[in-house]
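Worksheet for the structure shown next.
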Amino acid sequence: MIFIYPLHLSTQKTASFEGNITSAVGEIIPGITVVLKNHPQESVVKGAITDSQGQFFITNIEPGTYHQVEISGISYEKQSFGLVFKSEDQIKKQIILKESTGEMDEVVVTAESEARELELSAKSVQVIETQKAKLKSADLGEVLIKTERVNIQRVGGLGFDTRFSLNGLLGDQIRFFYDGILLNHTLYNFGIANVPVNTIDRVEIYKGVVPIQFGADALRGAVNMEPPEIYDGWAGAVSYQFGSFNTHRVTTNLNYANEKSGLFAVVSSFYDYTNNDYKIDVAIPNEQGQLQQRTVRRFHDGYRAYGANLHLGTGNKEWAKELSIEGYYGDHDNEIQNSQALGLVDEPILGIEKAVAGNPFGKVVFASFSIGFNLHYSFDLHSQWELKLKAGYNYNERVSIDTASNQYNWLGEVVRVNNQPEEFVVADHLITTSESIFIRQLLNYRIFDHHALKLSIAPIYSFRTGNDLLIEVKLDPALDDGYLFDVVTGLEYTFDVLNRQLQNISFVKNYPQSIRVESIDPSVDETLTEERPVSNHGAGNGLKYNWNPRFFTKLSYEYVYRLPRQDEIFGDGQLILENLELRPESSHNVNLQWNYANGPSISNQPFNFKSKRNLK
């Protein structure tokens, strides 16, 4: 058994300072800066900014004399006074500011970033900011792979599947989001590797417990990529990368905002191209039919993808923090060189060491395109209430083409012409289409100081069908219609106690799912319907405790379910076969963290319902 004792920097307990700031006529004043200094000529020791109710809170104050407590804000006269804090003091003060009749001195405020505030909460999250990566030719994979307990592997070159592993788990057990929306409802639904770094401000990695605001059924964690803040005026970035195997990657991001009117527009796009003609070791028969090892270039492995996103909206209005709509279109084509399940030959006696076996493909192609739109809306219903709404529609079409009769060798030569078209498994020209509609509603309610409730309701409706153009008779399994309806509902209660030294987040979730498949039975010439509803419940808790101003502990637990995805149930028409018998997975997740901040003291911030599109 291991015992860990907190390292206290001082035997004295810290103090706190809070209060309300109003004008001479009694109006509350938000945005006023309150800072503490040990001496007027010294830098700020601690500080806060008044919220929408004119309140400020400063915690974890070391006992002692603060010669200058400075109160300042635009259009108001500056005030300053001294305070003496004793151990465990909880000083409250009502402050009245007079309107300024002249020019003010410049006020510079240094506060915790939104990313830092998130890390200091009770949520089990790690935040990676991308400012440095944007100055290099690094892609998102290179940024994330440096993160503890995160591993990213590509099966091959650009365009191949990217395997993202978090705490040793991968695949659909982890959910990916962009701006709080599931990645497959965005421009980057072809995978996390397609998300350009210059369209990301920070990446939030939730290890184990996933907050209810995502409306997700992630089994072991989630990754959320936040877009950059929108600043007043024009801003933009263009990136071009050139690499081996004729690889080209171009990304653009341009935005304009008018702080006075609140209007903003963001345009982003990407283009990827590569031949992927790198060398591999293969095992091929010689003229006598005996296997031998050779090094060859892949000859049918090209990849091309492009897409664009337009985001228009307005913000900072009385009736809306943000009201915006974005539309996107993405397209990609992928030549398939060989089966994804590689057969490797390892015969040292024959001089063969882990060489690829099996026939290559010369004409097999997978293609896909996606189009859709998303709506963003957030509104302060009252000083204690806030509503956030995200909704969207997505249409996706996948095409699998395997119609060639030729059989190729690894030199790209035709060695045989088959009687029937077939390179992969079964010849097809399969078109699979899917449509989905999602809504995510998040309602925040501040019960009173340091206590808040959140309610999240996130339904998703999906429809999938298909058509194999090589099958001319009525019996075409691809024509089956699949309907899927998921709802993830969550209720969360958060509180801070002991002068914000202890923060706790408790929540419950519900996971109903309804599946319906309509298929044609040729024996009776009628439509058969199969339905299956399921419902499960989960719960969890996150706890954070500040042992002292620099040292804190996080402990979280969640019992969670993961609902089968549309592609897992109905198949994707390319590499995933349908499986109507899949059932939800469940998991118990526990996360324990010990954190020491070798820098500014740690202090919890009051609840702050922020718009994600505040104009700067």
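Just so you know, these numbers come straight off a predicted model, no measurement behind them.
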Looking at Lys554, Gln501, Gln503, which hits side-chain hydrogen bond (donor to acceptor under 3.5 Å, both in side chains) with Tyr545? Gln501
Begin from the C-alpha positions of Glu204 and Arg202 and carry the test salt bridge (charged side-chain N to carboxylate O under 4.0 Å, His left out) through to its verdict. CA-CA 7 Å; Glu204 302 163 359; Arg202 68 177 186 272; 3.0 Å; yes
Can you label the angle between the Phe57 ring and the His450 ring as parallel, tilted or perpendicular, going by 30° and 60°? perpendicular
Ion pair Glu558/Lys509, N-O distance below 4.0 Å: yes
When you compare the side chains of His451 and Thr494, does any donor N or O come within less than 3.5 Å of an acceptor on the partner? no
Passes side chain to side chain contact (heavy atoms under 4.5 Å, CB included), Phe264 versus Thr314? Steps please. CA-CA 6 Å; Phe264 67 86; Thr314 185; 5.6 Å; no
Quick one about Thr33 and Ser72 (side-chain donor to acceptor, distance below 3.5 Å, no hydrogens or angles considered), yes or no? no
Give a yes or no answer on whether the side chain of Thr186 reaches the backbone of Tyr188 with a donor-acceptor pair at less than 3.5 Å. yes
Measure the OH-CG distance between Tyr206 and Asn591 for me, rounded to the nearest 0.5 Å. 13.5 Å
Could you check whether Asn541 and Ser506, counting side-chain N and O atoms only, form a donor-acceptor pair closer than 3.5 Å? yes
Report, as yes or no, whether the 6.0 Å neighbourhood of atom NZ on Lys317 holds more than 12 heavy atoms from other residues, nucleotides or ligands. yes
Could you report the tightest heavy-atom contact between Gln173 and Arg562, atom names first, then the distance? CA-CD, 3.9 Å
Does Gly180 offer a backbone N or O that forms a donor-acceptor pair with the side chain of Arg440 under 3.5 Å? yes
Side-chain contact, heavy-atom cut-off 4.5 Å: Trp594 with Trp547? yes
Give a yes or no on whether the backbone of Ile212 and the side-chain of Ser456 come within a donor-acceptor separation of less than 3.5 Å. yes
Please list, chain by chain and in numerical order, all residues satisfying side chain to side chain donor-acceptor pair (under 3.5 Å) with Asn189, sequence neighbours excluded. Ser370
Would you say the ring centers of His537 and Tyr511 fall short of 6.0 Å from each other? no
Salt bridge (charged side-chain N to carboxylate O under 4.0 Å, His left out) for Arg175 and Asp217? Distances and angles first, verdict last. CA-CA 8 Å; Arg175 301 302 297 269; Asp217 56 335; 2.6 Å; yes
Derivation and outcome, side chain to side chain contact (heavy atoms under 4.5 Å, CB included), residues Thr489 and Val487: CA-CA 6 Å; Thr489 303; Val487 183; 3.6 Å; yes
Does Trp234 have any ring pair (Phe, Tyr, Trp, His ring centres under 6.0 Å) partners at least two apart in sequence or in another chain, and if so, which? Tyr256
Residues two or more places apart in sequence or in another chain: which of them pass side chain to side chain donor-acceptor pair (under 3.5 Å) with Ser80? none
Examine the side chains of Tyr328 and Glu326 and answer whether a donor and an acceptor come within less than 3.5 Å of each other. no
Parallel, tilted or perpendicular: which one describes the rings of Tyr561 and Tyr559, with boundaries at 30° and 60°? perpendicular
Begin from the C-alpha positions of Glu386 and Arg446 and carry the test salt bridge (charged side-chain N to carboxylate O under 4.0 Å, His left out) through to its verdict. CA-CA 9 Å; Glu386 183 194 41; Arg446 187 198 307 267; over 6 Å; no
When rounded to the nearest 0.5 Å, the distance separating CD1 of Ile200 from CD1 of Ile128 is 10.5 Å
Report the distance from atom OG of Ser378 to atom CG of Leu442, rounding to the nearest 0.5 Å. 10.5 Å
Any donor-acceptor pair under 3.5 Å from Asp179 side chain to Ile181 backbone: no
Student check: side-chain heavy atoms of Ile21 and Ile28 closer than 4.5 Å: no
Glu27, CD atom: more than 12 neighbouring heavy atoms under 6.0 Å: no
Just to verify, what does Phe177 make a ring pair (Phe, Tyr, Trp, His ring centres under 6.0 Å) with, not counting sequence neighbours? Phe214
Apply side chain to side chain contact (heavy atoms under 4.5 Å, CB included) to residues Leu375 and Leu323 and explain how you reach the verdict. CA-CA 8 Å; Leu375 174 71; Leu323 175 60; 4.2 Å; yes
Drop me the distance from His185's NE2 to Tyr393's OH, to the nearest 0.5 angstrom. 10.5 Å
For the CZ atom of Phe56 and the CD1 atom of Ile71, what is their distance to the nearest 0.5 Å? 5.5 Å
Which atoms form the tightest heavy-atom contact between Ile29 and Thr50, and what is the distance? O-OG1, 2.9 Å
Could you please spell out the steps behind the side chain to side chain contact (heavy atoms under 4.5 Å, CB included) verdict for His67 and Lys37? CA-CA 6 Å; His67 296 88; Lys37 298 181 180 181; over 6 Å; no
Shortest non-hydrogen contact from Leu312 to Ala265? CD2-CB, 3.5 Å
Contacts of Thr251 meeting side chain to side chain donor-acceptor pair (under 3.5 Å) (sequence neighbours excluded), chain-then-number -> Asn198
Do Glu226 side-chain atoms and Tyr178 backbone N/O form a donor-acceptor pair below 3.5 Å? no
Considering only heavy atoms from C-beta outward, does the side chain of Leu443 approach that of Lys454 to under 4.5 Å? no
Could you pull out all residues at least two apart from Ser587 that satisfy side chain to side chain donor-acceptor pair (under 3.5 Å)? Arg220, Asn589
Is there a side-chain contact between Leu592 and Val590, using heavy atoms and a 4.5 Å cut-off? no
For Thr199 and Ser268, what are the C-alpha separation, side-chain angles and deciding distance, and is it a side chain to side chain donor-acceptor pair (under 3.5 Å)? CA-CA 8 Å; Thr199 63; Ser268 55; over 6 Å; no
N/O donor-acceptor pair under 3.5 Å between Glu322 side chain and Tyr377 backbone: no
CD1 of Ile32 to CD1 of Ile49, rounded to nearest 0.5 Å, is 10.0 Å
Check whether the side chains of His588 and Tyr557 place a donor and an acceptor atom closer than 3.5 Å, and report yes or no. yes
